[in-house]
Amino acid sequence: MKPALLEVMRMNRICRMVLATCLGSFILVIFYFQSMLHPVIRRNPFGMDICCRKGSRSPLQELYNPIQLELSNTAILHQMRRDQVTDTCRANSAMSRKRRVLTPNDLKHLVVDEDHELIYCYVPKVACTNWKRLMMVLSGRGKYSDPMEIPANEAHVSANLKTLNQYSIPEINHRLKSYMKFLFVREPFERLVSAYRNKFTQKYNTSFHKRYGTKIIRRQRKNATQEALRKGDDVKFEEFVAYLIDPHTQREEPFNEHWQTVHSLCHPCHIHYDLVGKYETLEEDSNYVLQLAGVSGYLKFPTYAKSTRTTDEMTTEFFQNISAEHQTQLYEVYKLDFLMFNYSVPNYLKLE
């Protein structure tokens, strides 16, 4: 039997399981969560209890349409990504599920589009500005038409988008059950270098220099000058890494969202994501989401060549001066993101 046919048969079996479990999963915020590892059988999620757009399928129904699963290589790819997340959560349950309770505050990164029944968990440094622009167009009810006409700073104004933590617990449960949930991820260390370059090497980011730069220099730099301690605008990457792996840092407060792990921002071991997009296939995955939402005829993901983009080659250079001990400790911090989203250990790492 051909491998492709075997894969389709496997996907059909998975689809039947998904209909009974993952799509029916919803979260009791503040109370204990229903574990993905111990699912409860619920009603067919394609039944009348799911609110759909008039005259069309919801994105969730489109995604799990059995015909699409059989015919679409894209659907198969995304099922494999979902499997990877589930398997990693199961294999690392002690680490990934330290908390069995999430509060509404944990849902502040989940942006909701009521009109198209979408929930997007935004991850900084993974094209979140453009995706926030798209969500403003989708949920704006005609206020916006071209995402690139929305200024970047306006896309990050919290009042311009509605997040899941703003709803009541029953409303949260309904949306987690009925809406299509998606996020975008990136190779963890490339994302980390991108965050460092943006927040600590750009002179205009004085707020980050004051809040984090001064603290990093005070803790990690011997014989720092008074100017460096006052301004915090010349943090070295080695100092940034030392700050991240310092146990005091992790005890003091959660990481800033720009370098926080994806699994801590979006909680994929508690919330079942229907689509995991990747920065490496950003345009293709983004337009697939828009296709499922039924808007691909008039809305596309913005494409443009960003000359300042952090690349793998650039990331390799930044890690050249990081000791093997610190590389190993840093990898442990981001290990779940590497495993969960199927990123291999970088060749440049010298792990102990």
Side-chain angles (χ1 to χ4, degrees), residues 84-85 87-89 91-98 123-126 185-202 205 208-209 211-225 228-229 232-266 268-269 278-280 308-352:
Q84 180 72 23
V85 173
D87 292 346
T88 302
C89 291
N92 299 273
S93 58
M95 186 189 309
S96 63
R97 298 182 61 81
K98 288 180 181 178
V123 178
K125 310 313 299 178
V126 193
V185 300
R186 185 177 186 177
E187 201 278 341
F189 285 169
E190 184 179 299
R191 174 177 170 247
L192 187 66
V193 170
S194 178
Y196 166 77
R197 292 180 63 225
N198 178 247
K199 301 307 176 186
F200 295 110
T201 68
Q202 303 296 325
N205 266 322
F208 271 81
H209 301 160
R211 179 172 181 183
Y212 296 102
T214 54
K215 183 188 302 184
I216 293 170
I217 291 172
R218 186 172 65 251
R219 291 184 187 173
Q220 307 300 335
R221 186 180 301 179
K222 295 180 180 179
N223 304 317
T225 66
L229 290 170
D233 62 353
D234 65 341
V235 173
K236 298 172 183 172
F237 186 65
E238 298 93 315
E239 295 169 334
F240 179 53
V241 169
Y243 163 78
L244 294 175
I245 62 177
D246 184 347
H248 180 74
T249 301
Q250 299 176 40
R251 288 194 300 267
E252 183 180 53
E253 62 180 347
F255 281 177
N256 178 273
E257 63 177 11
H258 291 84
W259 49 83
Q260 180 61 283
T261 59
V262 175
H263 72 266
S264 296
L265 290 175
C266 297
C269 290
K278 291 198 169 187
Y279 192 75
E280 296 77 13
T308 59
R309 177 185 177 276
T310 300
T311 63
D312 181 61
E313 292 77 14
M314 198 179 294
T315 304
T316 302
E317 292 180 17
F318 272 89
F319 272 83
Q320 291 306 305
N321 295 324
I322 307 299
S323 69
E325 179 184 6
H326 282 190
Q327 287 186 9
T328 301
Q329 291 175 295
L330 189 68
Y331 178 77
E332 286 301 315
V333 173
Y334 292 92
K335 182 178 180 178
L336 265 185
D337 280 2
F338 275 99
L339 297 175
M340 194 171 290
F341 305 116
N342 202 27
Y343 288 107
S344 58
V345 177
N347 293 329
Y348 57 77
L349 284 193
K350 304 180 289 288
L351 299 182
E352 292 185 338

- Can you name the side-chain hydrogen bond (donor to acceptor under 3.5 Å, both in side chains) partners of Tyr343, sequence neighbours left out? Glu280

- Listed partners of Asp246 passing side-chain hydrogen bond (donor to acceptor under 3.5 Å, both in side chains), at least two apart: none

- Can you name the closest pair of heavy atoms from Thr261 and Val333 and give their distance? CG2-O, 3.6 Å

- Note on the structure: Taken to the nearest 0.5 Å, the spacing of Thr201 OG1 from Asp234 CG works out to 11.5 Å

- From Phe189, Tyr196, Phe200, residue fulfilling ring-ring contact (aromatic ring centres under 6.0 Å, His included) relative to Trp259: Phe200

- Nearest-0.5 Å distance, OG1 of residue Thr225 to CD1 of residue Ile217: 7.5 Å

- Item | Contacts of Gln260 that satisfy side-chain contact (heavy atoms from CB on, under 4.5 Å) - sequence neighbours left out | Pro254, Phe255, Ser264, Leu265

- Item | Distance, nearest 0.5 Å, that separates CZ of Phe338 from CD of Glu332 | 11.0 Å

- Nearest-0.5 Å distance that lies between atom CG in Asn198 and atom NZ in Lys125: 3.5 Å

- Note on the structure: Residues passing the salt bridge (charged side-chain N to carboxylate O under 4.0 Å, His left out) test with Glu190, sequence neighbours excluded, are Arg186, Arg309

- Task: Could you tell me whether the side chain of Glu257 and the main chain of Val123 form a donor-acceptor pair under 3.5 Å?
- Result: no

- Message: For Thr310, give me all partners under side-chain hydrogen bond (donor to acceptor under 3.5 Å, both in side chains), at least two apart in sequence or on another chain.
- Response: Arg197

- Query: Under the side-chain contact (heavy atoms from CB on, under 4.5 Å) test, which residues partner Gln84, sequence neighbours left out?
  - Reply: Thr88, Asn342

- For Val235 against Gly213, the heavy-atom pair lying closest together: CG2-CA, 3.6 Å

- Task: Please name all residues satisfying side-chain hydrogen bond (donor to acceptor under 3.5 Å, both in side chains) with Glu239, sequence neighbours left out, ordered by chain then number.
- Result: Arg221

- Task: Could you tell me the separation between the SG atom of Cys269 and the CE atom of Met340, rounded to the nearest 0.5 Å?
- Result: 3.5 Å

- Message: Checking Leu244 against Leu192 for the side-chain contact (heavy atoms from CB on, under 4.5 Å) test, could you report, in this order, the C-alpha distance in whole Å, the side-chain angles of both residues, the deciding distance, and whether it holds?
- Response: CA-CA 11 Å; Leu244 294 175; Leu192 187 66; 3.6 Å; yes

- When rounded to the nearest 0.5 Å, the distance separating OG1 of Thr311 from CD of Glu187 is 11.5 Å

- Task: Tell me, please, which residues at least two apart from His258 pass ring pair (Phe, Tyr, Trp, His ring centres under 6.0 Å).
- Result: Phe208

- Query: Which residue pairs pass the salt bridge (Lys or Arg N to Asp or Glu O under 4.0 Å) test when at least one of the two sits in residues 337-347, sequence neighbours left out?
  - Reply: none

- Note on the structure: Hits for side-chain contact (heavy atoms from CB on, under 4.5 Å) against Lys215, two or more places apart or cross-chain, chain-then-number order -> Arg218, Arg219, Tyr243, Glu252, Glu253

- So do the side chains of Lys335 and Asn92 get within less than 4.5 Å of each other, counting heavy atoms only? no

Cut-off 3.5 Å, no hydrogens considered: what does the side-chain donor-acceptor table look like for residues 319-326, sequence neighbours left out?
residue: Gln320; atom: NE2; partner: Thr316; partner atom: O; Å: 3.0
residue: Ser323; atom: OG; partner: His326; partner atom: N; Å: 3.1

